[in-house]
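One structure, as structure tokens, below. Some questions next.
Proteins come first, then strands; the chains are lettered A, B, ... in the order of their sequence lines, and each starts at number 1.
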Amino acid sequence: DTGVSQDPRHKITKRGQNVTFRCDPISEHNRLYWYRQTLGQGPEFLTYFQNEAQLEKSRLLSDRFSAERPKGSFSTLEIQRTEQGDSAMYLCASSFGGGMYNEQFFGPGTRLTVL
Amino acid sequence: QKEVEQNSGPLSVPEGAIASLNCTYSDRGSQSFFWYRQYSGKSPELIMFIYSNGDKEDGRFTAQLNKASQYVSLLIRDSQPSDSATYLCAPKRRGSNYKLTFGKGTLLTVNP
């Protein structure tokens, strides 16, 4: 399977715990994006990497959130001291290059439930 | 005014009919427009994109863009029950090489 993969697919945690999600983009894609989606809403942009450089972070990404893409391949998104409001689907997408087309392909997502 | 507005639906059409999904956007700097389909509990799947005024056809799908009116639509001909999903509109701003701004999506139900 050459699509975007994410792990885990589901995560249930207690409030205050730390969680980490992993995303493996399509192999030739140099751009990687994280989005968050809550019920009834469209995906909201969180952050973006071009190769290993994190080039943009949304205001939605509080200081409890951190993302890395250490070698320009896979990426991790960590949430520290989780809150119930963090419960959402976390989506990773990747694309090759930029420009007006910028077709972003999404992974299956990680559904986080904070109790 | 919201950046991207879509009628949340549900939009219900009979099998074989044409489904029309609409999207308006506020950012005049938007350059290209993406339509994603999202089945319940699944991630968004890219259907098609459009960047020039007019129509773009791909199989049963036609995207229509009118930049002057800041309006983009998706028509689905010969709707099938398998088309039942939420359809997300996502403009991309000129000069922005990363960010898609999604609408809330329109829930389409195709009745057999």
Y33(A) with F74(A), same ILVMFWY side-chain cluster at under 4.5 Å: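 Result: no, two separate clusters.
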
Value rounded to 0.5 Å, distance of CE in M89(A) from OG in S43(B):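 M89(A) atom CE to S43(B) atom OG measures 7.5 Å (nearest 0.5 Å).
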
Under 4.5 Å from any heavy atom of chain B - which part of E44(A):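 Neither part.
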
Choice from G109(A), A93(A), P108(A) maximising heavy atom contacts with chain B below 4.5 Å: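 Looking at each of G109(A), A93(A), P108(A) in turn, P108(A) comes out on top.
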
Exceeds 12 heavy-atom contacts within 6.0 angstrom, atom CD1 of I12(A):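 Check fails, neighbour count at 12 or below.
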
F105(A)/E45(B) under side chain to side chain contact (heavy atoms under 4.5 Å, CB included): CA gap, chis, key distance, verdict: CA-CA 7 Å; F105(A) 297 91; E45(B) 172 191 11; over 6 Å; no

Proximity of residues 57-69 of chain A to chain B, residues having a non-hydrogen atom under 4.5 angstrom: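 Listed by number, there are no contacting residues, so the answer is none.
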
Contact class of Q38(B) relative to chain A, heavy atoms under 4.5 angstrom: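 Contact with chain A is through the side chain of Q38(B) alone.
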
Same apolar cluster: Y90(A) and V114(A), side chain cutoff 4.5 Å: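 Yes.
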
L100(B) side, atom CG; S95(A) side, atom OG - distance, nearest 0.5 Å: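 Those atoms lie 8.5 Å apart.
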
Within 6.0 angstrom of L115(A) CG, more than 12 heavy atoms from elsewhere: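 Yes - once you tally the heavy atoms of other residues, nucleotides and ligands closer than 6.0 Å, there are more than 12.
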
Hphob cluster co-occupancy, Y36(B) + V4(B), side-chain heavy atoms under 4.5 angstrom: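 No, because Y36(B) and V4(B) fall into different hydrophobic clusters, even though each may have its own neighbours under 4.5 Å.
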
R15(A), CZ atom: more than 12 neighbouring heavy atoms under 6.0 Å: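 Not more than 12 within 6.0 Å, no.
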
Enclosure of K11(A) NZ (heavy-atom neighbours >12, cutoff 6.0 Å):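 No.
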
Single-linkage hydrophobic cluster, 4.5 Å side-chain cutoff, L65(B) and L74(B) together: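 Yes: a chain of side-chain contacts under 4.5 Å links L65(B) to L74(B).
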
Engaged part of E56(A) at the chain B interface, taking heavy atoms whose separation is under 4.5 Å: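 Just the side chain, heavy atoms under 4.5 Å.
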
Contacts of residues 103-112 of chain B with chain A (heavy atom under 4.5 Å):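 Listed by number, the contacting residues are G103(B), K104(B).
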
Hphob cluster co-occupancy, V4(A) + F49(A), side-chain heavy atoms under 4.5 angstrom: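 In one cluster with V4(A): F49(A), no.
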
E103(A) side, atom CD; S32(B) side, atom OG - distance, nearest 0.5 Å: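 Atom-to-atom, E103(A):CD and S32(B):OG are 10.0 Å apart.
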
Contact summary for L88(B) and P43(A), nearest pair of heavy atoms: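 For L88(B) and P43(A), the tightest heavy-atom pair comes out as CD1-CD, 3.9 Å.
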
Rounded distance [0.5 Å steps], OG1 in T86(B) versus CD in Q41(A):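 Here the interatomic distance stands at 11.5 Å.
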
F45(A) ring center within less than 6.0 Å of F102(B) ring center: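 Centroid separation for F102(B) and F45(A): 6.0 Å or greater.
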
Smallest separation among heavy atoms of P44(B) and F106(A), with atom names: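 It is O-CB, 3.5 Å.
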
